[in-house]
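Below is one structure; the comments refer to it alone.
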Amino acid sequence: MEIPYTIDSRPDTGLFNAKLGIWLFLASEVMLFGALFTSYILLRVSAPEWPHGSLILNVPLATLNTVVLITSSITMVMAWASLKMNNFKKYRTYMGLTFLAGVAFLLIKGVEYGTKFEHHLFPSNSTFFAIYYTLTGLHGLHVIGGMIVNGYLWGPGSRMWKTRPERFTNRVEVAGLYWHFVDLVWIFLFPVLYLL
Amino acid sequence: MDQTQDIKKHVRTYIAVFIALLALTTITVAVSYLHLETHEAIIIALIVAAVKGGLVASFFMHLISEKKAIYMALILTAVFFAVLMALPIFAHSDPIMMKHVP
């Protein structure tokens, strides 16, 4: 059976189904991260003292990671735009760069975590580190999830371009929406945890 | 052909947004070195983050020109998100809960 509305828009929503689907998923993600952000606020205002992020975390590394994720967002949108312009070779380059940016982000985060572990700074160390590891760890898992999808669409999944190019372009758009959301979450995590 | 021209125009916007995001990141980090009062630092950092988030959502995620169904879902999300963010205020006005906070 053919899956309906993978290319054409559904008359009532005006969207292909996967697009509405990913936005509903992202809405649930807003609530997930929102719950953790509100927990952060509650923990912070209730704590007798709260460390300034910049004194115990590595701001230059986190700034670099911000630049890496922002760069990966533009390469992702360029990957989609390349398909829209019928240029599959450029798509592969941009999608490959997006994947590599994900690798770079995780490596930098790994260095940061490693240094903290060396100094015996674990989630059990303080409320600050508990919420820091929870928020950045969950975000890191989202990066890994996005990389799996992006890697698939760069590699084996890209075969669909030959048979159903429009459907493949829509898949890349949907993966892109998720990836930009992961970038968006980091845009808030970075100042909240590191700079305030 | 028309679509290609259209996308090329979009690409120029994406590059402009990318430069703006880098500039705003520099501003956020620079402001943090000014050692402002905590409430001032929080307000500035959140405003800059909101502008950055707005740029990503509007242009990279194409929210600036989306269909009504997505806006409807997101309005509902924004309302519930606002309630979530207000929870600490509710908690602090709750005398039973506050008894347990040092």
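The structure presented is a predicted model; accordingly, all values stated were derived computationally and were not measured. Below, read A as the first sequence line, B as the second, and so on, with proteins coming before strands; counting in each chain starts at 1.
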Whatever's closer than 4.5 Å to a heavy atom in chain A on B/Leu84 counts as both

Report the C-alpha distance between B/Lys52 and A/Thr66 in whole Å, list the side-chain angles of each, state the deciding distance to 0.1 Å, and finish with yes or no for side chain to side chain contact (heavy atoms under 4.5 Å, CB included).
CA-CA 11 Å; B/Lys52 284 170 77 181; A/Thr66 306; 3.9 Å; yes

B/Leu36 versus chain A, the contacting section by heavy-atom distance below 4.5 Å:
neither

To the nearest 0.5 Å, tell me how far A/His180 NE2 sits from B/Leu55 CG.
13.0 Å

Residue pair B/Met61 / A/Trp23: nearest heavy atoms and the distance that separates them
CE-CH2, 3.7 Å

Looking at A/Leu141, I'd like to know if its CG atom is crowded, meaning that more than 12 non-hydrogen atoms belonging to other residues, nucleotides or ligands lie closer than 6.0 Å.
yes

Just so I know, are the side chains of B/Tyr33 and A/Val59 near enough to count as touching, which here means a heavy-atom distance under 4.5 Å?
yes

Closest non-hydrogen atoms of A/Ile187 and B/Ala49, given as atom of the first, atom of the second and distance, are CG2-O, 3.6 Å

Which bit of A/Leu196 comes within less than 4.5 Å of chain B, counting heavy atoms only: side chain, backbone, both or neither?
side chain

Say whether, by atom type as modelled, one donor and one acceptor occur between the side chain of B/Thr77 and the main chain of A/Ala27 under 3.5 angstrom.
no

Taking side chain as everything from C-beta outward and backbone as N, CA, C, O, which of these in A/Val30 sits under 4.5 Å from a heavy atom of chain B? Side chain, backbone, both or neither.
both

Measure A/Leu24 against the heavy atoms of chain B and call it side chain, backbone, both or neither at under 4.5 Å.
side chain

B/Phe80 reachable from B/Met72 in the ILVMFWY side-chain graph, under 4.5 Å edges:
no

Would you check, one step at a time, whether the test side chain to side chain contact (heavy atoms under 4.5 Å, CB included) holds for A/Leu20 with B/Lys67?
CA-CA 10 Å; A/Leu20 183 62; B/Lys67 296 284 185 293; over 6 Å; no

Heavy-atom proximity to chain B below 4.5 Å, by part of A/Thr71
both

Can you give me the closest heavy-atom contact between A/Leu42 and B/Ala91, atom names plus distance?
CD1-CB, 3.7 Å

From A/Lys19 atom NZ to B/Ile70 atom CD1, the distance as rounded to the nearest 0.5 Å
5.5 Å

Is it the side chain or the backbone of A/Met31 that comes within 4.5 Å of chain B heavy atoms, both, or neither?
both

Are the side chains of A/Pro191 and B/Leu46 in contact, using a 4.5 Å heavy-atom criterion?
no

For chain B, find which of A/Ile70, A/Asp183, A/Asn86 contributes the most heavy-atom pairs closer than 4.5 angstrom.
A/Ile70

Any chain of hydrophobic side-chain contacts (each under 4.5 Å) joining A/Phe37 to B/Val83?
no

Top contributor to chain A interface from B/His10, B/His62, B/Lys8, B/Lys68 [non-hydrogen pairs under 4.5 Å]
B/His62

Does atom CH2 of A/Trp154 have more than 12 heavy-atom neighbours from other groups under 6.0 Å away?
no

Contacting region of A/Arg44 [heavy-atom separation from chain B under 4.5 Å]:
side chain

Pairs where residues 107-121 of chain A contributes a residue and the test salt bridge (Lys or Arg N to Asp or Glu O under 4.0 Å) is met, not counting sequence neighbours
A/Lys109-A/Glu112

Where does A/Val192 contact chain B at under 4.5 Å (heavy atoms): side chain, backbone, both or neither?
side chain

Please state whether the side chain, the backbone, both or neither of A/Phe181 comes within less than 4.5 Å of a heavy atom of chain B.
both

Counting heavy-atom pairs under 4.5 Å with chain A, which one of B/Leu76, B/Val48, B/Leu74, B/Thr26 comes out on top?
B/Leu74

Under a 4.5 Å cutoff for heavy-atom pairs, which residue among A/Leu195, A/Leu184, A/Ile74 has the most contacts with chain B?
A/Ile74

For the hydrophobic clusters of this structure (ILVMFWY residues joined by side-chain heavy atoms under 4.5 Å, transitively), does one cluster hold both B/Tyr71 and A/Leu177?
yes

Mind checking whether B/Val79 and B/Phe81 sit in one hydrophobic cluster, side chains of I, L, V, M, F, W, Y counted as touching below 4.5 Å?
no

Let me know if B/Ala78 has heavy atoms under 4.5 Å from chain A in its side chain, its backbone, both or neither.
neither

Interface check, chain A: of B/Thr38, B/Val31, B/Leu63, most non-hydrogen pairs under 4.5 Å belong to B/Leu63

Evaluate the side chain to side chain contact (heavy atoms under 4.5 Å, CB included) criterion for residues A/Val77 and B/Phe18: first the C-alpha distance (whole Å), next the side-chain angles of each, then the deciding distance (0.1 Å), finally the verdict.
CA-CA 11 Å; A/Val77 81; B/Phe18 173 63; over 6 Å; no

Let me know if A/Thr13 has heavy atoms under 4.5 Å from chain B in its side chain, its backbone, both or neither.
both

Residue part contacting chain B, namely of A/Trp80, when any heavy atom lies under 4.5 Å
side chain

Let's go through A/Tyr194 and B/Thr28 carefully: what are the C-alpha distance in whole Å and the side-chain angles of both, what is the deciding distance for side chain to side chain contact (heavy atoms under 4.5 Å, CB included) to 0.1 Å, and is it a yes or a no?
CA-CA 11 Å; A/Tyr194 290 83; B/Thr28 319; over 6 Å; no

Counting only heavy atoms from other residues, nucleotides and ligands, does the tally under 6.0 Å from CD of A/Glu29 exceed 12?
yes

Give the cluster check for A/Leu193 versus A/Val45: same hydrophobic cluster or not, with ILVMFWY residues linked at side-chain heavy-atom distances below 4.5 Å.
yes

